[in-house]
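Reminder, nothing fancy here: chain letters follow the sequence lines and each chain counts from 1. Heavy-atom basis, side chains included; hydrogens, waters and symmetry copies ignored.
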There are 2 protein chains.
Amino acid sequence: MGAPTSPSSRSAPGRRQAEADDDTMVDLHAAVARRLERHDHRYTPGRRHLVETLARVARPVTLPQISSHSDELPQSSAYRNLEVLERCGVISRIAGSADHAHFELAEPLVDHHHHLVCVSCGSLQDVHLDDELEALVDAELAQAAAAAGFTPTNHSLDLHGYCHNCEPDR
Amino acid sequence: MGAPTSPSSRSAPGRRQAEADDDTMVDLHAAVARRLERHDHRYTPGRRHLVETLARVARPVTLPQISSHSDELPQSSAYRNLEVLERCGVISRIAGSADHAHFELAEPLVDHHHHLVCVSCGSLQDVHLDDELEALVDAELAQAAAAAGFTPTNHSLDLHGYCHNCEPDR
DNA sequence: GGTGTGAATGAGACTCATTCTCACTAACGT
DNA sequence: ACGTTAGTGAGAATGAGTCTCATTCACACC
Ligand SMILES: [Mn+2]
Ligand SMILES: [Mn+2]
Ligand SMILES: [Zn+2]
Ligand SMILES: [Zn+2]
């Protein structure tokens, strides 16, 4: 059951925070490598760099944002590798309303959560809901899906509105 | 008060179904005209046609799907009018995963609902949830939003999976 | 029942995020 | 070392959606 959870796990007492982060990062890379191997793909430096950036920013980001975080990342390779990582279940793509798609680490590698979507600047932010509510939602969706002959895989639940820096116009 | 609800409202006893549908369509057009006037826009035949198609199909559709429903609809005018109707709160755009955006009548003109999203063919289907659950979700999202300095406007909740005609590959 | 003003239309040019192509390189197995 | 396969990156291509602009339409006022 060693799948690492969120990179922001609380550190054990007496351990420096940086050390704990390094540990979770090591675990993350191991988990990613396993998933890639399962699909007969290699964990190359370019892919490692993408995963590392996504883990560090800990919020959904666009490709330009990833590129800005560390330069010299060829666009075509980046998009290709994001696609590979997506097919291997390492990251997920959020297609939303913004002009660029957003990317984040996929669900088994980070824990289940949802997003605050700014309708003004298009930024995304993670938000976690109570497990009980999640269970209720899943139960009722499953029931509705069954009635429609629909086979569910997962749900998405976003809150749209104005982020901290984007006050609504009056 | 008088805002028309879903086009699929139960007809009164002794009334033919088609008659009731005509009535709700008349109400819908009146409501749309009001919204357009409020923004100093005219309810032209092209716009009326878009609204009529969206009301008839009663599920989110792409522009190619709209065009196929009745030919001779210039692409540039259609997109422009969809944008106008969106700004006036008549329709809403669903940017999702599919290559084309989907469009549907906006929330005050039809009642609040969510979507079953087929990850295979990209089709969308409406699904309605219990009001109690909706209230719970809104309450908890509002609380989380406040903690993040986020001003919410509305939520979206989709169930992803395989639709009736797209059995998952084994 | 003309006439002026601004909105609407439609054909096509254009944008630009993403994907594709292809020649080249790096890694793995034997 | 060698053959085979995966990965890389520069640039071309794709295509949904938007923009331009000349023309037409609808309304208001006279
Ligand atoms: Mn959830
Ligand atoms: Mn809801
Ligand atoms: Zn914002
Ligand atoms: Zn399907």
Side-chain angles (χ1 to χ4, degrees), chain A residues 29 32-53 60-68 70-88 90-104 121-124, chain B residues 29 32-53 60-68 70-88 90-104 121-124:
Chain A
H29 284 309
V32 170
R34 228 174 295 129
R35 276 156 195 274
L36 284 169
E37 277 159 22
R38 204 172 300 144
H39 290 253
D40 294 308
H41 285 130
R42 301 170 189 161
Y43 198 17
T44 63
R47 292 168 187 176
R48 177 174 284 263
H49 176 252
L50 287 172
V51 168
E52 203 130 1
T53 302
V61 283
T62 65
L63 178 62
Q65 288 170 337
I66 296 174
S67 298
S68 76
S70 100
D71 219 82
E72 300 306 316
L73 178 65
Q75 198 196 34
S76 63
S77 300
Y79 274 119
R80 183 176 350 93
N81 282 329
L82 286 170
E83 190 194 316
V84 168
L85 291 168
E86 188 187 14
R87 274 206 312 273
C88 297
V90 174
I91 69 171
S92 55
R93 174 192 309 243
I94 304 165
S97 43
D99 46 357
H100 291 262
H102 286 70
F103 299 91
E104 66 179 354
C121 70
S123 72
L124 301 193
Chain B
H29 284 309
V32 170
R34 229 175 294 130
R35 277 155 195 274
L36 284 169
E37 277 159 23
R38 203 173 299 143
H39 290 253
D40 294 307
H41 284 130
R42 301 172 187 162
Y43 198 18
T44 62
R47 291 169 188 176
R48 178 175 282 264
H49 177 252
L50 287 172
V51 168
E52 202 130 1
T53 302
V61 283
T62 64
L63 178 62
Q65 288 170 337
I66 296 174
S67 299
S68 76
S70 99
D71 219 81
E72 301 306 317
L73 179 63
Q75 197 198 35
S76 62
S77 301
Y79 274 120
R80 179 170 1 87
N81 283 328
L82 287 170
E83 191 193 315
V84 168
L85 291 170
E86 187 186 16
R87 273 205 313 273
C88 297
V90 175
I91 68 170
S92 54
R93 175 192 309 245
I94 305 165
S97 42
D99 46 356
H100 291 263
H102 286 70
F103 299 90
E104 66 178 354
C121 70
S123 72
L124 301 193

What integer distance in Å separates B/His100:NE2 from D/dG17:C1'?
10 Å
With distance as the sole test, does B/Arg47 use its side chain to make a donor-acceptor pair with the main-chain N or O of B/Asn81 at under 3.5 Å?
no
If you look at every strand shown and take non-hydrogen atoms under 4.0 Å, does B/Ser77 touch a base, only sugar-phosphate, or nothing?
base
Over how many whole Å does the gap from B/Leu82 atom CG to D/dA16 atom C1' extend?
13 Å
Is there a donor-acceptor contact under 3.5 Å from the side chain of A/Arg48 to the main chain of A/Tyr43?
no
In whole angstroms, how far is the P atom of C/dA8 from the CG atom of B/Asp40?
9 Å
Is there a donor N/O on one and an acceptor N/O on the other, under 3.5 Å, for the side chain of A/Arg80 and the base of D/dG7?
no
Need to verify one output field. Residue with the more 5' nearest nucleotide on DNA chain D, B/Arg42 or B/Tyr79?
B/Tyr79
Should the side chain of B/Thr44 and the base of C/dA8 be counted as holding a donor-acceptor pair, with the cut-off at 3.5 Å?
no
Whole angstrom value for the distance that separates P of D/dG7 from CG of A/Asn81:
8 Å
Flag the pair A/Val84 / A/Leu36 as yes when at least one side-chain heavy-atom distance between them is below 4.5 Å, and no otherwise.
yes
Under 4.5 Å between any side-chain heavy atoms of B/His29 and B/Glu52, yes or no?
yes
Considering every strand and a 4.0 Å limit on heavy-atom distances, what is the contact class for B/Arg47: base, sugar-phosphate, or nothing?
sugar-phosphate
Roughly, in whole Å, what's the span from CZ in B/Arg87 to P in D/dT18?
11 Å
Between C1' on D/dT8 and CD on A/Glu83, what's the gap in Å once rounded to a whole number?
15 Å
For the pair made of NE2 in A/His41 and P in C/dA27, what is the distance, rounded to whole Å?
17 Å
Kindly give the heavy-atom pair with the smallest separation between A/Gly122 and A/Ala98, and that separation in Å.
O-CB, 4.4 Å
Nearest-Å distance, CG (B/Leu85) to C1' (C/dA7)?
15 Å
Nucleotide nearest B/Arg93 (side chain, heavy atoms from C-beta), chosen from D/dG17, C/dG12, C/dT9:
D/dG17
